[in-house]
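Chain letters run A, B, ... following the sequence lines, proteins first, then strands; residues in each count from 1. Remember, predicted model here, so these are calculated numbers, not experimental data.
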Number of protein chains: 2
Amino acid sequence: MPRWEQGSADRLTKAALELFEEQGFEDTSVVEIADRARVTTRTFFRYFPDKREVLFAESDRIRTALVQAILDAPEVTEPLQVVITALTGFDWTGPGRELQRRRHAVIAANPGLLERELIKQNDIAIEFIHALQRRGVEEAAARLATRAGMQVFATAYAHWVEGDDGADLRELTDAATALLRTLLPADPSGPSPAEPRSRARYLP
Amino acid sequence: MPRWEQGSADRLTKAALELFEEQGFEDTSVVEIADRARVTTRTFFRYFPDKREVLFAESDRIRTALVQAILDAPEVTEPLQVVITALTGFDWTGPGRELQRRRHAVIAANPGLLERELIKQNDIAIEFIHALQRRGVEEAAARLATRAGMQVFATAYAHWVEGDDGADLRELTDAATALLRTLLPADPSGPSPAEPRSRARYLP
DNA sequence: CACCTGATGTCACACCATGACATCGGGGCC
DNA sequence: GGCCCCGATGTCATGGTGTGACATCAGGTG
């Protein structure tokens, strides 16, 4: 195929993004997308397993890169820091900031696509947990570190994109981590009735 | 309608559960479910917005009860404890332990239903966050407390159902909370390069 | 009895998704 | 050059999902 010609997958993604912006996700049929990309619907489904997936082609690349970052982290690093560092170290601009913004806006505007985004995030979390376990982290700790780390990052990221001041993303994650710590009861004797903890089943 | 006769919705749910057990979710059509329940597919879609939802009718009741538990918690309670207490205080056996077990087994065996379960949990999380905010908790804290609390509960619950010893669910959540605390860097000076924190944007 | 109302059935239709097979065009090999 | 192979795409047929419009039927009520 000549290099100057976009592949069908790219044309389909572009067409879908445009149509979703123009008339919404639900009111756009696969036929319309395929027509605009000058292919048949059969070709659409050869490239994407279903209609929603057309906006999530990058997802695989992102997930793989993040998991690799976790596996590559220095051995001594604490699991929560491993997760947060992987997330903050990733280049989220991807294939162009503007395209990324449009894609995100379309997803945010459509419940169906939001669901798919949630699934994708969950897939990433699952692989994070496995990656941490491969680093020797025990399962319960891996689950907690992953979910907490992703939520901490989400909190920081939200403040980062909407923040007026050019705060550093790392500093924001530190602040979010600190906030999370304030939510946990103090360690030796908490506000709860000072029952001494029964043997901590999950501690190493 | 005579009292001794089950309503269509109940018959549909029962039929669907049986068929999903017998031949799987994907290989069961709405037509089959409707036939076994002695109604038409049109009636199926009057009671359930889509095929998956047939196993999640209880979801609304559960979500409502949990949110109410959060709103009813004593005013002084810390947000994380509010979430955990709401979850541990709920009667998860619902409409019969055996039915609940079958339903859960079917969901666990089908990716499509697992996705829906994830969505439902997310819906619950969103309402938890709103409920906490109504209690005066700031948004970032509400998000972190909700996600952390749900994950802590999930960790404890998993150990509870698979545990041989009859450990108390409350003790298990305490243990999981303690584990989460060990994952966070120590508060005043952590293992990270001792950069003094810039003003903590999220602290009260 | 006539009427109303809620639940259900009937019919038609659009869309999503996939299997089976045909076609077409370019690159390599003799 | 001519042939063949193969990957990408098109064509056709089909099954399942989900919804709107309207008909029907039963029970309760005046």
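Residues that satisfy the salt bridge (charged side-chain N to carboxylate O under 4.0 Å, His left out) test with A/E22, not counting sequence neighbours, are A/R36. Every residue two or more places apart in sequence or in another chain that forms a side chain to side chain donor-acceptor pair (under 3.5 Å) with A/D72 is listed here: A/Q68. By the side chain to side chain contact (heavy atoms under 4.5 Å, CB included) test, B/D10 is found to be paired with B/Q6, residues two or more places apart in sequence or in another chain being considered. Here A/A125 pairs with A/T146, A/R147, A/M150 under the side chain to side chain contact (heavy atoms under 4.5 Å, CB included) rule; sequence neighbours left out. In terms of the side chain to side chain donor-acceptor pair (under 3.5 Å) criterion, residue partners of A/R63 (sequence neighbours excluded) are, by chain and number, A/D60, A/E127. With sequence neighbours excluded, the residues forming a side chain to side chain contact (heavy atoms under 4.5 Å, CB included) with A/A37 are A/R11, A/L12, A/A15, A/V39, listed by chain and number. With sequence neighbours left out, the salt bridge (charged side-chain N to carboxylate O under 4.0 Å, His left out) criterion links A/R52 to no other residue. For B/R102, the side chain to side chain contact (heavy atoms under 4.5 Å, CB included) partners two or more places apart in sequence, or in a different chain, are B/L17, B/E18, B/E21, B/E98, B/L99. Residues satisfying the side chain to side chain donor-acceptor pair (under 3.5 Å) test with A/D168, not counting sequence neighbours, are none.
Annotation: proximity of residues 107-120 of chain A to DNA chain D (heavy atom, distance under 4.0 Å) is found for no residue. For the segment residues 42-55 of chain B, the set of residues with a heavy atom within less than 4.0 Å of an atom of DNA chain C comprises B/R42, B/T43, B/R46, B/Y47, in numerical order. Using a 4.0 Å cutoff on non-hydrogen atoms, the parts of residues 25-35 of chain A near DNA chain C are A/T28, A/S29, A/V30, ordered by number.
Residues A/Q151 and B/Q151 form no side-chain contact, since every pair of their non-hydrogen atoms from C-beta on lies 4.5 Å or further apart.
Nucleotide C/dA7 holds its P atom 14 Å from the CG atom of B/D10, rounded to whole Å.
When the side-chain nitrogen and oxygen atoms of A/S8 are compared with OP1 and OP2 of D/dA8, none of them lie within a distance under 4.0 Å.
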